[in-house]
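Here the structure comes first, spelled out in C-alpha cells, and everything after it is commentary.
Owing to the predicted nature of the structure, the values given are computational and were not obtained by experimental measurement.
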Number of protein chains: 2
Amino acid sequence: MADVARLAGVSSQTVSRVSTGHPGVVGTTREQVLAAMRQLGYRPNSAARALKYGEFRTIGVILFTLSSTGNSRTLEAIATHAADAGYVITLIPVGAPTQDRLLGAFTRLGELAVDAVIVIMEVHLLDAATVAVPPGVHVVVVDSDAGDRYRVVDTDQADGARQAVHHLLDLGHRTVWHVAGPRESYAAERRALAWRSTLEEHGRPVPPVRHGDWSAESGYRAGLELADEADCTAVFVANDQMALGVLRALHGSGRVVPRDVSVVGFDDIAEAGAFIPPLTTVHQDFAAVGRRCVEAVLRQVRTGTPETGTTLVSTRLVVRESTAPPPGG
Amino acid sequence: MADVARLAGVSSQTVSRVSTGHPGVVGTTREQVLAAMRQLGYRPNSAARALKYGEFRTIGVILFTLSSTGNSRTLEAIATHAADAGYVITLIPVGAPTQDRLLGAFTRLGELAVDAVIVIMEVHLLDAATVAVPPGVHVVVVDSDAGDRYRVVDTDQADGARQAVHHLLDLGHRTVWHVAGPRESYAAERRALAWRSTLEEHGRPVPPVRHGDWSAESGYRAGLELADEADCTAVFVANDQMALGVLRALHGSGRVVPRDVSVVGFDDIAEAGAFIPPLTTVHQDFAAVGRRCVEAVLRQVRTGTPETGTTLVSTRLVVRESTAPPPGG
DNA sequence: CACCTCGATGTTTACGTAAACATCGAGTGC
DNA sequence: GCACTCGATGTTTACGTAAACATCGAGGTG
C-alpha cells in the first residue's frame, strides 16, 4: 500500500479510502490511485483487514463427508448464499465420525479464522462437543436434535416420512415396511419414528425394521430379505440410494415394481427419475436448508446473540412410477 | 494475549512462545501460561498470525458445482489432504459457468486470503481468465488442457475411454456407439476423441455420436434413440448417470442388457453396482486427483516456483454385469 | 573469583490496514 | 475582510502476533 501511495503521490490513508470505496476522495486523485494500484498489481491484504476489523467474514463448515448428495448440495447452497452476503466458506473436514475426530475439529476451529460455524452433523456426537465451541463463535447445526442449545436447521424428516407412508396407505396397502438408515443417524431415526407412529395412528401392524447404512449395497441386502416376505407389498426406504438397491433386489427376485411391491424413497436425488422404474420419493429442499443456515448464522453474527430452536424445511412427495395399489387391491 | 500474560505474570512474548510450541520455556512457566490461557478462553488470532507470517495457510478452490459426484469427491480429497498439511480450504463457488462469473471469481480471489488456488474447471473458459490470477498466487487446474500455463491434474480420460472400448471390442462387438457429455466439457471431449481413435485404430466404423448433458435424463433420451438402431450392440456412455438413463431406455424398449446391448459407463459412482444390471464402468480415482492437486499446489507454495505440465491419474475398468458378447457372437 | 556461556525471559519492532484525529485551503456569510 | 465551515487530504495510532534483539542470572572454567 505504501508503494501505491508513493507512486500516486498521496498518503496511504488516501489509498485506503479508495480501496474501501469511502467517499471524500476527489475524482482526479482517485484516478491516480487506481492507476497506481493497477500498475503495481496491488491487492489489499485481507489478513490485515481482518485484524483491523476484528472479523474474518468467513463461515466455517464442519462436516463428515461430502459423498452424500444431501451434504454436498447443502454445502453448495451454503457457499452460494454466503458469497452473496460477502462471506466465504472454510471447509473443516472431519475424517471419521468419531468423538475424537469431532473434538479435534472443534479444537482446530479455535485457531481458525471464522466468525461462525455451521455443523453438518448426521450422528449423535454433538453432546460431548458442546463445551468445545470457542466463545464468540456462533453455531448453526444441520440435522441434529441440539435445538435446545443451538439454532438447528433441518428438513422436516417426520413430515416427509408421514407423506410417504400416507401415500402408500392411501393406495390401499395394508401396511408399509421400512428400510431405515444407520442407527447413529438422527435423520434415519426420525424417519423411522414417523413411519412407525403413522402406522400406529392408523392401527396398522408395524413390520420389523431393517437397518442399512445409506448405501445402495445395504439396500440390496435389505431388499433381498423383503423379497422373501410374501405379504410385503409396500416399502418406505429411508433414502434413494438404498431404494435403488431395493429395486434391484426385488427385480432380481422376480417381484415386479410397482405391480407386486411399491417402493418410496427419500431425498429425490437427481437420478431418481431414471431408476427402473422411476422412483416415487420424498423431495428434500437442500438449497433451502443451506439458505436458512446462512441466514441464521449471519443473523447471529450481526446481532451478536446466540439463538436456539429448530427451523424446519418442508418436504414434498414426488410421485413417479414405483408405487401402485397392492396386487389384487 | 496481553491479558493472558498479565494473569500468568509473564510477558506476552512468553505466551506467544507457549502457544506456538517454541522451545525455551521452562516447565513451570509453561504450565502457568497454559492455565491462564484456559481460564481466559484465549485463542490465537489467526488474522494477526497471517499478517505476521505473510501467508494464510489457506487454499482456495474455485468450482462451478458440487452436484457432480466427481467434483464433490475431489473436493473432499482436497480438503482432507490440505488439512493433513495444516492448510484449510476456502470455497469460491461460481454460480453459472460463464466467462463473467469466472472472471468475477478470479477478481474476488484477489481480495481473498489464499496462498494458492485449485480450479476445478470443466469447461473451455480458462483462456480469458489467464491474466486475472493475482500475482503470487499459485494455481493448479483440474480437468483442463491448460497444461502449458498451469500445473494440471486430471484423470487419464483417454486411457479410460480406450479401456472401455477395448473391453467391448474384445467381447466381440463389431463396433461401439457413444453417448458423449456436453460439448463444452474437456473431459467429455477427450473421452469422445479416445473412443473415436480407438475404433479407427481397429478399423471399425465410427457411429454417430449423441451428446448428453451428464444427466440421467439426457442419457435416457439418447438411449431411446440407440434402442432404435438395430445394429447397436455396444454403447460406451461418458458417465454413469447418463448410463443409468441409457439402461432405463433400453429396458423400456425391450432391449435386454447385456444380452442384446452391452453398456459401459464412466466414473464408477457408488450406485453403479446397484444399477439393473450392475454397470461395467471405468473407475476414476477422485481421491488421487485431490491428493495430487494438494501436493502440487503446496510444492509450488513452498518453492515459490510456478509449475506447468499435466499429471494424469490412471483409471481402471470395473467389469460388472452390463457387458457381454454380442447376440449371436 | 572474575569471566564467559547459555538458557530463560522481557522489550522493541514490524507486519498492512483503517479509524480517529489533525491540518490545510477554499469558499461563505456578515 | 475576517472568522467560520467544510471538504480533501495527511498523520498518528492500534489491531494481535512473533521475530529479532536485549537482559539477567545461574553455573562452569581457568
Side-chain angles (χ1 to χ4, degrees), chain A residues 1-37 40-58 86 88 108-115 134-137, chain B residues 1-37 40-58 86 88 109-115 134-137 304:
Chain A
M1 189 157 94
D3 300 335
V4 175
R6 199 157 30 244
L7 179 62
V10 299
S11 76
S12 64
Q13 181 53 32
T14 303
V15 177
S16 166
R17 276 192 266 259
V18 171
S19 87
T20 51
H22 267 237
V25 179
V26 82
T28 56
T29 313
R30 157 171 284 109
E31 287 310 314
Q32 283 173 351
V33 172
L34 288 174
M37 277 170 34
L40 273 66
Y42 166 81
R43 62 175 184 138
N45 181 315
S46 54
R49 281 197 173 164
L51 178 58
K52 191 79 182 124
Y53 289 133
E55 62 169 29
F56 306 100
R57 301 194 76 77
T58 296
V88 141
R108 212 152 10 108
L109 185 63
E111 313 161 356
L112 244 45
V114 296
D115 303 311
V137 172
Chain B
M1 190 157 92
D3 300 335
V4 174
R6 200 157 29 245
L7 179 61
V10 299
S11 76
S12 65
Q13 182 53 32
T14 303
V15 176
S16 166
R17 277 192 265 261
V18 171
S19 87
T20 51
H22 268 238
V25 178
V26 83
T28 55
T29 312
R30 160 171 282 111
E31 286 309 314
Q32 284 172 352
V33 173
L34 288 174
M37 274 167 43
L40 272 68
Y42 165 82
R43 62 176 186 140
N45 180 315
S46 54
R49 281 198 173 162
L51 177 59
K52 192 78 183 125
Y53 288 133
E55 60 169 31
F56 307 100
R57 301 194 75 76
T58 296
V88 141
L109 187 62
E111 312 162 354
L112 243 44
V114 297
D115 303 310
V137 171

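Between Ala8(B) and Val33(B) the shortest heavy-atom distance is CB-CA, 4.0 Å. When all heavy atoms are compared, the tightest approach of Arg30(A) to Val18(A) is CA-CG2, 4.2 Å.
Taking a 4.0 Å limit (strictly below) on heavy-atom distances, residues 8-18 of chain B reaches DNA chain D at Gln13(B), Ser16(B). Shown for residues 46-54 of chain B: residues whose heavy atoms fall under 4.0 angstrom of DNA chain C, namely Leu51(B), Lys52(B).
For the side chain to side chain donor-acceptor pair (under 3.5 Å) condition, the pairs that include at least one residue of residues 10-21 of chain A, sequence neighbours left out, are Ser11(A)-Thr14(A), Ser19(A)-Arg49(A).
Contacts of Glu55(A) classified as salt bridge (Lys or Arg N to Asp or Glu O under 4.0 Å), with partners at least two apart in sequence or in another chain: Arg57(A). With sequence neighbours left out, the salt bridge (Lys or Arg N to Asp or Glu O under 4.0 Å) criterion links Arg6(B) to Asp3(B). Looking at residues two or more places apart in sequence or on another chain, you find a side-chain contact (heavy atoms from CB on, under 4.5 Å) between Ala47(B) and Ala50(A), Leu51(A), Phe56(A), Asn45(B).
Where DNA chain D meets chain A (any atom under 4.0 Å from a heavy atom), the bounding nucleotides read 5' to 3' are dA8(D) to dG16(D).
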Enumerate donor-acceptor pairs with a distance under 3.5 Å from any side-chain N or O in residues 21-29 of chain A to protein atoms, sequence neighbours excluded.
none

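Helix bend of the helix from dC1(C)-dG30(D) to dC30(C)-dG1(D): the angle between its two end axes, each built from five pairs, comes to 50° after rounding to 10°.
Using a 4.5 Å heavy-atom cutoff, the side chains of Leu34(B) and Met37(B) are in contact.
For the pair His22(B) and Thr28(A), nearest-nucleotide mapping onto DNA chain D gives the more 5' position to Thr28(A).
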